[in-house]
Structure formats: structure tokens, C-alpha cells
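One structure is given below, encoded as C-alpha cells.
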Number of protein chains: 2
Amino acid sequence: MPDPNWQKPSCLIPLSRSEQKRLAIIEAARKIFLDKGFDGASMDVIAETANVSKRTVYNHYASKEALFGDVMLGMCQAKMDAMLLTLSPSDDMAEALTEFGSNFVNQILEPEGKALLRILVAHVDRFPELGQAFFDNGAKEVIATVAEYLRIQTQAGLITVDDPQDAAGSFLTSLHGEFFFRVLVTVAPPPEPAQVQKMVAAAVQRFLHGVLVRPV
Amino acid sequence: MPDPNWQKPSCLIPLSRSEQKRLAIIEAARKIFLDKGFDGASMDVIAETANVSKRTVYNHYASKEALFGDVMLGMCQAKMDAMLLTLSPSDDMAEALTEFGSNFVNQILEPEGKALLRILVAHVDRFPELGQAFFDNGAKEVIATVAEYLRIQTQAGLITVDDPQDAAGSFLTSLHGEFFFRVLVTVAPPPEPAQVQKMVAAAVQRFLHGVLVRPV
DNA sequence: TATGTAAACTGCACTGAGTAGTTTACATTT
DNA sequence: AAATGTAAACTACTCAGTGCAGTTTACATA
């Protein structure tokens, strides 16, 4: 079992017992919710997994909903941070976009990313703020980063993009192709990073070059 | 209330009373499951909505799972049929791809399509065969249709596509851009058909023309 | 070093609500 | 007459959240 002191803000000042318990609860809840969803997870199991009494769980969180919200927001935050790389206009375009895109696709398709997406999708109706937060603070920023990059490169005369926002969204989704859907809707395992790399590179090439021999 | 006779195979031969009840149950279950998901739906409410006693529901379906499976497979089938148009290699490429793509995107983002997707995603773990069936008999065929089209047009020398399968998947996802994700993960309403049309047309243009002024 | 205190934790029984599926006794349809 | 449907009560179970009596921990003071 990893030392809880190595978890959150400071690992120099030892955490209070109460804070240790809270982290254990969050960690257990994270596992159980990811695995079973909101309805499938029981507060008894979460408490047991956290090695904590059920009463303690309710001392820290007023309700199952509150615990779920806290846990999910934390996971969304972590995923957002991991998804966003910077794009340097000075680097080689194909290379820069491929690196950015591979990371993006891997972050989405990697098992825990997939599980997080599933939970979000499954619970939009009951927890609208979660999906909204993930989109507003995560996906939106990723798209904006790419859009800004496309705008700059268009201004530099390297490419021609009319609507950078629209093109960025289209480009990003073209990177994962059918896999996003397949992984979300079936039990198929996510593709290997090597395959992702290849798929993204191909999509970047198509985006940059086009496929038509003689443009109409 | 619509006449159940107008629903399924034949509306000439009147359906047996038993069959009428079965259709009423399916129709009610469809509504409730789409709205509340598997766990949120109760068999009592479904029976009540179908104007049928709970015992009758259990006379037709052995369990809640069985009813859910039947209802969902039916909806998947209908959605698959609606998603798949033909692609004539002789038509203008941009026009053909735009028409095909608009229909595809609209079918996915339209409210009931969205709800169906959400349910599938939310229940993959408990009903793996559903998502698998939807992918194998639906998405896969759509991709294959586009891939075959790209192969033919490449052979005709109109375009250059190395891996038609991969390109088809990438092309199809580039059509909906961020919207697929946004609609799935937030409560945002689906875009208007006009907006879809515009977005798809732009993506088709990019796919066909590319964006690079001077190819590297 | 010993002791007091407040806050937090434990364990467990309990309430109350919801629900899948069954049973029974009777009615309707074909 | 046989099959099918109805209504309502009933079983058996899960699970969120509470109450409570007693214990542990951190920390301050003596």
C-alpha cells in the first residue's frame, strides 16, 4: 500500500489523520465508481475498500452524490492536464501535430480514460455539471490550442484554413477515426500506442496534404 | 395513441391480442429505457405505461435483462438501417460524400440517436453483445461502404488513398468534429441540420482538397 | 512523563424506500 | 374449454443514510 503522504499537496508536512482517511475514501471511491458506475457502487463497499467505517465516509461527504461529484471532478481535472500539450509554431508542422495528436488520442483511449468517458456519458442526465466541466475545461481548451495554431500557420501562409475552430475539431476527431467509437461502445481493448502513432501520422498527412490528385 | 397494428411486419393481417400486448410492452420499454437507463427503469412503470399488467410483461419476457436486450437490439437495427445510404461512384464526389455524411452525422446526433448511444456506452459492461452488435452490423458497414468507395475512386485515379479502411474511419469522424463528443458528454442540444450540412461540407472539402498551400 | 479533552473513528444494528419477480384468485378473449 | 390477461398483495433483497455506545488519536497542559 502506498504511503498516503505521497499523494496530494505537500509530502513534507504529514497529513492529519482525518485527511489521510479522506484520501483513502476518495481513492477507494475512484476505483469502485470507475469499475461499477454510480448505481453499481455501494457505499458499504467503498467504506470497506477504504478501510474506513461507513460513518466516517458520511462524516466527510454528505451523500453518495457529493462523493461521486468530488471524485469525478478530480479525475476530470487530471485527465484534462494530461491531454493538453503545447504546440510550437516554429517546429515542423507534421511532427508537432503528430506528437500533440498521439498524446490526445492515447489519453482518450487508455483504459482509465475510457472508463472516465463512459461514466461521464452514462451520467450526464443526473450530473450535468460533470460532463460540462470536462468539456469546458478540457476538450474546449484542446480544440482552442489547435485552432490558434492553425490560425497562426494560416497567417504565416503555410496552410489555408477558413474556420480554425471548426477545422480544429474536425482534425482532432479525424485522428482517432473509428477507434473512439469502437472502444466506447464495445469491449475491444484500446489500440497499441504504436498503432495510434501510425494512425495519427496518417491522419495528419491527409489533413496537411489532402487526397485529391487534381483539385476541382 | 397510435394504433399498434401500424407498427411491425404486416398491417393487413390483424395482430393477435397477445402480439398487440407485446408491441405495447416494447414501445413502453423503449421510452422508459431511453429516458431512465436500465437501472432507472422499473418494470412496474413499464407495465403501467404499456397499459398491461406486470404479469403479462413477464409472460412475454423472462426477465428485465431479456426485455432490455430485445428492445435495444430493435433500436440498434433501426438506427443502422437509417445510417446507411449508398454511394454511387459516378456521382460528383463532393456532393455524394456530403449527402452520405450529413445523413450519418444527423442520425448520430439526433436526440434519439444520442440517447441510444448513451445507453449503449453506459451498459457495455453488463450487455457487451449490444454494443458489439451495433458496431459490427452498423458502424462497420458504414465504414466499409465508404472504404469501398474510396478504393474505387483511387483505382479510377481520382484520389490517392493508401489505406481505405483507415481513411474511411478518419473521414467519417472528421465530419462531426467536436459535436459528437460535446453532445455525448454535455446536455447541449444537437446542432441544427443546416449547421450539420455546412460542417460536413467543410470537412468533405478539407478531406478532398487538403489544406497545405505548398505540399512538402 | 503522565493525564485530560475534544474531535474523529469504529462497529453494528436499524429505518425506510425501492424493486425484481411470484402467487393467487378472478376475468376476458378466441 | 383453453389460453391469456388483470389486479393486488407478497417475498426477498439491496442499499442509502442514521443513531449510538464506546474507542482511538492528537495534542495540550500539569
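We name chains A, B, ... by the order of the sequence lines, and we start the count at 1 in each one. Note that the structure is predicted; figures quoted are calculated from it, not measured.
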Among residues at least two apart in sequence or on other chains, which ones pass ring pair (Phe, Tyr, Trp, His ring centres under 6.0 Å) with F135(A)?
none

Using only side-chain N and O atoms of H60(B), determine if any of them is under 4.0 Å from OP1 or OP2 of dT4(D).
no

Quick one: are V185(B) and L130(A) in side-chain contact, heavy atoms under 4.5 Å?
no

Residue pairs fulfilling salt bridge (Lys or Arg N to Asp or Glu O under 4.0 Å) with at least one residue in residues 72-85 of chain A, sequence neighbours excluded:
K79(A)-E110(A)

Mind checking side-chain contact (heavy atoms from CB on, under 4.5 Å) for D125(B) and listing every partner two or more places apart, or none if nothing turns up?
R118(A)

What is the distance, rounded to the nearest whole Å, between atom CG of N51(B) and atom C1' of dT6(D)?
12 Å

Take the protein atom NZ of K21(B) and the nucleotide atom C1' of dA3(D), then report the distance between them rounded to whole Å.
14 Å

Whole-Å distance separating the CG atom of N59(B) from the P atom of dT22(C):
10 Å

Give, ordered by number, those residues of residues 30-43 of chain A having at least one heavy-atom distance below 4.0 Å to an atom of DNA chain D; if nothing qualifies, reply none.
A41(A), S42(A), M43(A)

Distances for protein N or O near nucleotides 19-24 of chain D N or O, under 3.5 Å:
unit_1: dG19(D); atom_1: N7; unit_2: R55(A); atom_2: NE; d: 3.0
unit_1: dG19(D); atom_1: O6; unit_2: R55(A); atom_2: NE; d: 3.4

Assess, by modelled atom type and distance only, whether the side chains of R206(A) and S174(A) contain a donor and an acceptor separated by less than 3.5 Å.
no

E48(A) has an atom CD; how far is it from atom P of dT10(C), in whole Å?
13 Å

Give the C-alpha distance, both sets of side-chain angles, the deciding distance and a yes or no for ring-ring contact (aromatic ring centres under 6.0 Å, His included) between F38(B) and F127(B).
CA-CA 11 Å; F38(B) 182 78; F127(B) 302 91; 5.3 Å; yes

Is there a side-chain contact between L97(A) and Q153(A), using heavy atoms and a 4.5 Å cut-off?
no

Residue pairs, two or more places apart or on separate chains, that pass salt bridge (Lys or Arg N to Asp or Glu O under 4.0 Å) and touch residues 48-58 of chain A
D44(A)-K54(A)

Return the value, rounded to whole Å, for the distance between atom OH of Y58(A) and atom C1' of dC12(C).
15 Å

Rounded to whole Å, how long is the line connecting atom CD of E65(B) with atom C1' of dG21(C)?
11 Å

Closest nucleotide among dG17(D), dT22(C), dC9(C) to the S53(A) side chain
dC9(C)

Whole-Å distance, K64(A) NZ to dT18(D) C1', equals 17 Å

Using the rule ring pair (Phe, Tyr, Trp, His ring centres under 6.0 Å), only one of F68(B), F134(B), F33(B) pairs with H123(B); which is it?
F68(B)

Closest to the T56(B) side chain, choosing from dC9(C), dA16(D), dT6(D):
dT6(D)

In this structure, how many angstroms lie between the C1' atom of dA8(C) and the NZ atom of K54(A), rounded?
19 Å

